[in-house]
Structures are given as C-alpha cells and as structure tokens.
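Just so it is clear, the values below take in all heavy atoms, side chains as well, and ignore hydrogens, waters and symmetry mates.
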Amino acid sequence: MAAFEVWLAAICTPLLSLIIWMRIKGLEYILINYRWILSCFVLMPLTVLYNVVFFVRNWIIFKLNSAPKLHDRRVADIQKQVKQWKEDGCKQPMCTSRPGWQTISPRVGLYKKTMRNIHVNLVDILEVDTKRRVMRVEPLVSMGQITAMLNPLGWTLPVLPELDDLTVGGLIMGVGIETSSHKYGLFQHTCLSYELVLADGSLVKCSKDENPDLFYTAPWSYGTLGLLVAAEIQIIPAKKYVKVDYRPAHTFEDAINTFKEEVNKKADNEFVEGLMYSDKECVIMTANQTDHADSNKINAIGNYWKPWFFKHAETCLKRGAFTEYIPLRHYYHRHTRSIFWELQDIIPFGNNPIFRYLFGWMVPPKVSLMKLTQTKTARRMYEQRHVIQDMLVPMADLSSALKCFDKELKLYPLWLCPFFLPSQPGLVHPDSDQDEMYVDLGAYGTPHREGFHFRETTRRVEEFVRSVHGFQMLYADSYMTREEFRQMFDHSLYDKLREEFKCKKAFPEIYDKICKAARL
C-alpha cells in the first residue's frame with residue numbers, strides 16, 4: 001500500500017504543479033511563451049496525418065487522369081454560384097470561401113465574414129505537357145505537390161518558391177519569388193495564361209496575346225478582378241543535383257559588392273541567395289543544376305535529421321568558402337523544415353541533434369494549423385513582438401535598404417533574393433520604362449531594436465520602400481493608407497479593368513482585402 005501511495009504521489013505531484021502553474025500564468029501566457037508544447041504534442045502529429053492523406057489522394061487523382069473531367073465540372077459550379085449571386089441582387093461583394101487560417105499569410109482575413117463566399121475547391125494538377133514545356137494546374141496546387149510530381153519526370157519550374165504549402169493561386173494573385181528570379185523574374189513572369197471566372201459568371205482565358213490587359217493586371221490583384229480557376233506555367237528540364245558554392249563576407253561593403261557581382265554575372269549562377277547574419281556578416285550562395293556530383297560532397301539537406309539550412313549556411317562564416325551538392329528537391333525546399341528561421345522562435349530546441357533525430361520527421365508543423373490554434377489575444381501579442389515582412393527594392397538601393405532595416409528592426413538573419421522586374425503593364429513594374437533588377441529583403445522574427453513599435457516602425461519602413469519605388473509583399477501586415485498604397489502600386493490599368501468588368505459590386509478593391517482593418 002505504501003508503495004502505491006509513493007507511486008501515486010510521484011505521478012500526481014508534478015501534474016498538480018503543472019495545473020497550478022497554468023492557472024497562475026494563464027493559458028494565453030502558455031500559448032505565447034511555450035508554443036512548443038502545443039506544436040510538439042498536437043500540431044506536428046496532425047501535420048503528418050494531413051500530409052499523408054493529401055499525398056495519397058493527389059497521387060490517385062493524377063494516376064486515374066480524372067482531374068481534367070472533375071475540373072470542368074467544378075468550374076461550371078463556380079460559374080453557377082457567381083450567376084446565383086447576380087440573381088440574388090449583388091448584395092455583398094464576393095470572395096473565395098477558403099478559410100483564412102488555411103493561407104500562408106500570418107493573418108486571418110476578417111472580410112470573409114461579411115462577403116458572399118464562393119466555394120473554389122480546385123486542388124489538382126491537370127496536365128504536364130513536356131512537348132510544349134507547359135503544365136496546367138488549378139489554383140490551390142501547392143509547391144510541394146508540383147515538385148513531387150515534376151522532379152521524378154525530369155522537369156521543374158523556372159521559379160519554384162521554397163515553402164511546400166505555397167499555392168499557385170497565392171503566388172499569382174499575390175506574389176512568388178525564388179533564387180532563380182534574377183534570371184526568370186517573379187513567379188507570374190513564368191506563367192503563360194490564366195483562366196478566370198469574371199463578375200458576370202463568364203469564363204475567360206488571358207495571355208500575352210489574348211486579353212493581355214487582364215493577363216498583366218491579374219497578378220497582385222488578390223482575386224479582385226475575377227476568380228482564378230487554372231493557370232499554365234512554363235516547365236524546364238531538371239537535373240539531379242544543385243551545386244552550391246558558399247562564400248562568406250565579413251564587411252558590409254564586401255557583402256553588397258559580392259552579392260551584386262554574382263547577380264550580374266551573365267553566365268552560370270542559376271540561383272543566387274544571400275543571408276545577412278548581422279550588419280556586417282553575410283553568406284552569399286550561388287548555385288547551378290548538374291547531373292554529376294562528387295559523392296563525398298553530397299548533402300541531402302532536406303533529410304529530417306540534418307541541421308536547419310540557415311544554420312548550416314552560417315558555418316561558412318567560420319569555416320570559409322566551400323562547395324557541396326544538394327539533391328534538387330532538397331534544394332528547392334531547403335528553408336521548409338525551419339520555415340526559414342521562424343521555427344526557432346516556436347521550438348527553440350528544434351535544431352538540437354537529439355530532437356532532429358527523434359522528431360525531425362514531423363517538422364515543420366503546418367502554418368495553417370498554427371493559425372487555427374491561435375487565440376485573438378495571442379495573435380495581438382504576437383503581432384506586437386514579431387515581424388514577418390518582405391520588401392522589394394531596386395538593387396541600386398540595396399545598401400540604403402539594409403541600413404534602414406538595421407536602424408528600424410535590427411533583425412537577423414535577413415533573406416536577400418534578387419529578381420528581374422520587366423517593364424510591363426500592371427500593378428508592379430519599375431519606375432522607369434526600362435527593365436530593372438530588384439532584391440527582396442525578407443525579415444522574419446523578433447526585432448532587437450530598442451524602441452521597436454510594430455505600427456510606427458513598419459510605417460517608417462513602408463515609407464522608405466515607397467521613396468525608392470519599391471513594393472511590399474501583401475501577405476504581411478500593411479499599415480499604409482489607401483493613398484499611400486495607390487502611390488506604391490500602379491492602379492491605372494487595374495481601375496480601367498474593374499470598370500470594364502463591372503467589378504465594383506462584385507469584388508472589393510485590393511486595399512480592402514490587405515489593409516490592417518481587414519485582417520485579424
């Protein structure tokens with residue numbers, strides 16, 4: 001009996017202590033400061049289950065070749081919903097019914113509660129045409145689906161953004177970028193055509209030759225000109241490995257000069273990326289696809305037991321320049337396991353070798369599930385202490401942009417990704433009529449700048465970006481006024497098309513979907 005009492009006390013005492021501690025601290029405190037508890041014991045197992053079910057489902061659909069037939073039926077249903085909206089008197093603007101927590105954006109759209117929700121369940125790869133070098137996909141197809149399908153066939157996308165859960169629709173109607181963008185442009189610039197359901201329920205295809213105004217203006221429009229139902233995207237031959245050259249820079253000037261030099265090379269350098277680890281230290285990575293690799297230098301960085309990529313790259317600062325070969329799909333999703341470096345704030349011990357070997361196969365927890373389990377108070381506190389921003393500035397202004405980010409945020413690592421921005425019509429283009437090289441500055445994490453205030457600081461950064469004719473990725477928090485937003489993005493063709501397609505009652509303006517008041 002005494003032994004049982006000792007055993008009971010050993011079990012109950014820590015459990016009771018935990019309950020008392022949670023009562024004292026409060027559930028909000030636990031969710032914010034100990035998010036790893038929820039992530040490890042709930043979100044990671046759920047993520048594994050979700051991924052397995054979804055992968056099997058997509059494989060069966062593609063093998064049975066049933067996606068195209070289902071696609072036509074689903075598009076007809078979307079058209080029927082839009083026409084029904086018209087018959088009901090156009091009382092509310094329309095938007096897709098996809099829940100806000102399922103998107104990759106850190107925020108949840110409040111506008112969906114006050115608008116007519118249109119069900120758009122389009123998640124399939126429709127066709128891979130290697131003769132034309134084109135794939136046709138539905139808007140909710142993810143980058144993980146695409147690499148899993150294309151790479152075994154020996155093909156890939158010219159611009160394939162890192163994170164598995166990014167969707168084609170989000171990358172077109174929002175924006176997509178990759179370290180090959182200095183050669184090919186943004187994700188939208190690799191697309192050949194879009195199919196949209198317009199405000200009157202009609203189905204329209206647009207390309208450079210067919211409805212070109214719509215083709216150039218649909219990107220960045222956030223579904224405010226029509227509902228995207230399919231897209232054709234270029235594909236290019238893929239090789240087995242990516243040869244990656246790591247080069248350290250230990251001064252600010254060396255980092256800037258080396259980065260620009262590698263971006264501007266006419267040959268080689270299919271991929272260029274920079275990671276700023278401080279205001280002086282940077283690792284510049286250049287890479288090229290190859291079918292041949294030194295077996296002693298192959299690094300399958302995507303394996304769950306491997307160190308997080310940004311930590312692996314950081315070793316270059318001490319060990320000096322080195323070269324390795326990474327399997328192609330591993331390279332594309334090198335930042336996925338750590339969600340760039342966001343996971344270190346969620347699971348601080350996540351890069352520990354013991355954790356990686358035991359639980360790394362369940363990482364990362366899905367962003368959508370993390371959003372779903374966040375309370376309003378937790379979101380508010382997270383917003384006040386955390387930054388997730390991508391600012392796109394001309395390469396000529398990279399030096400002043402980095403100084404601005406350091407002055408306002410002091411947040412490292414910073415992601416540097418160059419991209420070619422052609423002079424074309426639409427919402428986003430260079431200030432002049434000449435093509436121009438830009439760079440994406442990605443800031444993700446907790447700022448260490450004294451006096452940081454989430455609203456005022458972000459507004460100062462936004463003001464700087466506008467002053468150099470740059471752009472803000474709109475998945476992130478934006479504190480611009482409507483006038484400032486229109487100053488940053490060229491609305492001339494957009495306004496014309498909204499008038500022509502009678503969008504004013506059918507869809508809100510972009511600003512009304514991305515402004516802070518529209519998001520939680």
**Request:** Measure from the side-chain N and O atoms of Asp124 to the backbone N and O of Leu126, and report whether any donor-acceptor pair falls under 3.5 Å.
**Result:** no
**Prompt:** Hey, mind stepping through His312 and Glu324 against side chain to side chain donor-acceptor pair (under 3.5 Å) and telling me if it holds?
**Reply:** CA-CA 12 Å; His312 170 67; Glu324 65 183 9; 2.9 Å; yes
**Asked** Tell me the ring-ring contact (aromatic ring centres under 6.0 Å, His included) pairs involving residues 123-167, sequence neighbours left out?
**Response** none
**Asked** So which heavy atom on Ser432 is nearest to which on Ser423, and how close?
**Response** O-OG, 3.9 Å
**Prompt:** So does Lys240 have more than 12 non-hydrogen atoms from other groups sitting under 6.0 Å from NZ?
**Reply:** no
**Prompt:** Okay, side chain of Lys112, backbone of Ser97: is any donor-acceptor separation there less than 3.5 Å?
**Reply:** no
**Message:** Can you confirm whether Leu157 sits close enough to Met135 that some side-chain heavy atom of one is under 4.5 Å from a side-chain heavy atom of the other?
**Reply:** yes
**Message:** For Trp361, is there any backbone N or O sitting under 3.5 Å from a side-chain donor or acceptor partner on Arg337?
**Reply:** no
**Item:** Nearest heavy atoms of Leu493 and Gly426, plus distance in Å
**Value:** CD2-N, 4.3 Å
**Complete:** Correct closest heavy-atom pair for Ser221 and Thr217 would be CB-O, 3.6 Å
**Asked** Which heavy atom in Tyr494 sits nearest to a heavy atom in Glu509, and how many Å separate them?
**Response** OH-CA, 3.6 Å
**Fill in**
In short, side-chain hydrogen bond (donor to acceptor under 3.5 Å, both in side chains) pairs touching residues 170-187 with sequence neighbours left out are Glu178-Arg334, Thr179-Tyr331
**Item:** Reported CE-to-OG1 distance for the pair Met480 and Thr458, which is rounded to 0.5 angstrom
**Value:** 10.5 Å
**Exam field: side chain Arg247 to backbone Ala321, donor-acceptor pair closer than 3.5 Å** = no
**Under 3.5 Å: donor-acceptor pair, side chain of Arg498, backbone of Pro508** = yes
**Request:** Applying ring pair (Phe, Tyr, Trp, His ring centres under 6.0 Å) between His335 and each of Tyr444, Phe310, Trp308, Phe309, report the one that passes.
**Result:** Phe309
**Message:** So, taking the atom named CG in Leu441 and the one named CE in Met473, what distance separates them when rounded to the nearest 0.5 Å?
**Reply:** 10.5 Å
**Message:** Given 3.5 Å as the limit, does a donor-acceptor pair link the side chain of Gln472 with the main chain of Asp477, or not?
**Reply:** yes
**Message:** So Phe259 and Pro418, do their side chains get closer than 4.5 Å, heavy atoms only?
**Reply:** yes
**Prompt:** Applying the side chain to side chain contact (heavy atoms under 4.5 Å, CB included) test to Val204, which of Val229, Val197, Leu196, Asn211 qualifies?
**Reply:** Asn211
**Sub-4.5 Å side-chain heavy-atom contact between Lys208 and Phe215** = yes
**Request:** Determine the interplanar angle of the Phe471 and Trp220 rings, folded into 0 to 90°, and report it as parallel if under 30°, tilted if 30 to 60°, perpendicular if over 60°.
**Result:** tilted
**Asked** Can any side-chain N or O of Glu210 pair as donor or acceptor with the backbone N or O of Ser207 at less than 3.5 Å?
**Response** no
**Message:** Pair Gln81, His119 - check side chain to side chain donor-acceptor pair (under 3.5 Å), show working.
**Reply:** CA-CA 8 Å; Gln81 293 178 65; His119 301 290; 4.7 Å; no
**Prompt:** How about Leu409 and Leu414: do any of their side-chain heavy atoms sit closer than 4.5 Å?
**Reply:** no
**Message:** Among residues at least two apart in sequence or on other chains, which ones pass side chain to side chain donor-acceptor pair (under 3.5 Å) with Gln424?
**Reply:** none
**Heavy-atom side-chain contact between Met44 and Ile347 under 4.5 Å** = yes
**Prompt:** If you round to the nearest 0.5 Å, how far is CD1 of Ile256 from CG of Leu402?
**Reply:** 4.5 Å
**Message:** What I'd like to find out is whether the side chain of Asn269 reaches to under 4.5 Å of the side chain of Asn288, using heavy atoms alone.
**Reply:** yes
**Request:** Drop me the distance from Asp490's CG to Leu427's CG, to the nearest 0.5 angstrom.
**Result:** 7.0 Å
**Prompt:** Would you say the side-chain atoms of Gln188 pair up with the backbone N or O of Leu171, donor to acceptor, closer than 3.5 Å?
**Reply:** no
**Prompt:** Where do Thr323 and Asp245 land on the side chain to side chain donor-acceptor pair (under 3.5 Å) test, with the steps shown first?
**Reply:** CA-CA 5 Å; Thr323 298; Asp245 296 304; 2.5 Å; yes
**Prompt:** Are the side chain of Glu232 and the backbone N or O of Arg136 linked by a donor-acceptor pair below 3.5 Å?
**Reply:** no
**Request:** Output the distance between atom NE2 (His333) and atom CD (Glu162), rounded to the nearest 0.5 Å.
**Result:** 9.0 Å
**Asked** CD/Gln289 to CZ/Phe271 distance, rounded to the nearest 0.5 angstrom?
**Response** 5.0 Å
**Fill in**
Which of Leu421, Ile177, Val428 passes side chain to side chain contact (heavy atoms under 4.5 Å, CB included) with Tyr438? It is Leu421
**Request:** Identify the two heavy atoms, one from Val120 and one from Leu228, that lie closest to each other, and give their separation to 0.1 Å.
**Result:** CG1-O, 4.4 Å
**Complete:** What one should report as the nearest heavy-atom pair of His189 and Gln234 is O-NE2, 3.9 Å
**Request:** Decide yes or no on side chain to side chain contact (heavy atoms under 4.5 Å, CB included) for Tyr111 and Asp512, but give the supporting numbers first.
**Result:** CA-CA 8 Å; Tyr111 58 85; Asp512 295 316; over 6 Å; no
**Prompt:** Any side-chain heavy-atom pair from Tyr325 and His292 closer than 4.5 angstrom?
**Reply:** no
**Request:** Return yes if some donor-acceptor pair links the side-chain N/O of Lys513 with the main-chain N/O of Tyr222 below 3.5 Å, else return no.
**Result:** yes
**Phe485 and Tyr511 aromatic ring geometry - parallel, tilted or perpendicular at 30°/60° bounds** = tilted
**Asked** Is any side-chain N of the basic residue among Glu270 and Lys239 closer than 4.0 Å to the acidic one's carboxylate O?
**Response** no
**Side chain to side chain, Leu227 and Met94, heavy atoms closer than 4.5 Å** = no
